Amino acid sequence: MSEAVDGDVWVVDGNYSKSRDIVWPRADTAVWLDFSLWVILWRLLRRTIARTLTQEELWSGNRERVRTAFLSRDSLFVWALQTYRRRRRSYPLLLSRPEHAHLAVVRLRSPRAAAVWVAALGQAPLR
């Protein structure tokens with residue numbers, strides 16, 4: 001992972017605590033998609049149904065199945081419900097730590113706000 005963020009320009013997505021200690025010290029901006037639980041669940045449902053119907057390969061032959069998507073301990077729906085409130089409480093605390101003071105934090109609370117922000121990036125001068 002550290003080699004992936006050694007360059008001058010890179011983007012990492014995800015909220016993996018195991019990579020945070022490698023990525024955040026080298027980053028200059030953190031973009032937090034802080035969408036409502038309903039938006040997250042709706043998007044997850046649409047994506048899961050589409051992948052299940054099309055049998056889209058995710059990686060190494062892995063495909064989503066109804067049974068595992070909805071009826072297992074490994075369900076992303078269960079994970080989203082279990083972690084949503086904790087993440088909303090922990091991110092402000094994490095981002096306010098002195099070791100993360102160098103980060104410009106962009107907190108986007110809706111898909112519309114994210115779309116506006118991304119559109120504005122296209123108009124910003126390159127650094």
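Excluded from the calculations below are hydrogen atoms, water molecules and symmetry mates; all remaining heavy atoms, backbone and side chain alike, are included. Residue indices begin at 1 and follow the sequence shown. Note that the structure is a prediction, hence the values are computed from the model and not measured.
Follow the hydrophobic side-chain contacts under 4.5 Å out from Val78 and you never reach Ile40; the two are in separate clusters. Under the 4.5 Å side-chain heavy-atom criterion for Ile, Leu, Val, Met, Phe, Trp and Tyr, Leu37 and Leu44 are members of the same hydrophobic cluster. By the criterion of side-chain heavy atoms lying less than 4.5 angstrom apart, applied directly or through intervening Ile, Leu, Val, Met, Phe, Trp or Tyr residues, Leu76 is grouped together with Val39 in one hydrophobic cluster. The cluster map of Ile, Leu, Val, Met, Phe, Trp and Tyr, joined by side-chain heavy atoms under 4.5 Å apart, puts Phe35 and Leu81 in the same cluster. Hydrophobic clustering of Ile, Leu, Val, Met, Phe, Trp and Tyr side chains at less than 4.5 Å, counting indirect connections, unites Val106 with Leu121.
To the nearest 0.5 Å, atom CZ of residue Arg47 and atom OG1 of residue Thr52 are 11.5 Å apart. Within the model, atoms OG1 of Thr54 and CD1 of Ile49 stand 11.5 Å from one another, a figure rounded to the nearest 0.5 Å. Note that the OG atom of Ser75 and the CZ atom of Phe77 stand 6.0 Å from one another [nearest 0.5 Å].
Scanning all heavy atoms of the two residues, the minimum distance from Val31 to Trp117 falls at CG2-CH2, 3.4 Å. Closest heavy-atom contact between Arg63 and Glu56: CG-O, 3.5 Å. Of all non-hydrogen atoms in Ala114 and Leu108, the two that sit nearest each other are CA-CD1, 3.7 Å.
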Report all side-chain donor-acceptor pairs from residues 93-103 shorter than 3.5 Å, counting only partners two or more places apart or in another chain.
residue	atom	partner	partner atom	Å
Ser96	OG	Pro92	O	3.2
Ser96	OG	Leu93	O	3.0
His100	ND1	Leu94	O	2.7
His102	ND1	Glu99	O	3.3
His102	NE2	Trp24	O	2.9
His102	NE2	Ala27	O	3.2

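Under the 4.5 Å side-chain criterion, counting only non-hydrogen atoms from C-beta, Arg109 is not in contact with Trp32.
Counting only residues at least two apart or on different chains, the side chain to side chain donor-acceptor pair (under 3.5 Å) pairs with a member in residues 81-94 are Asp34-Arg88, Tyr84-Arg88.
Shown here is Arg73, whose CZ atom has no more than 12 heavy atoms of other residues, nucleotides or ligands within 6.0 Å.
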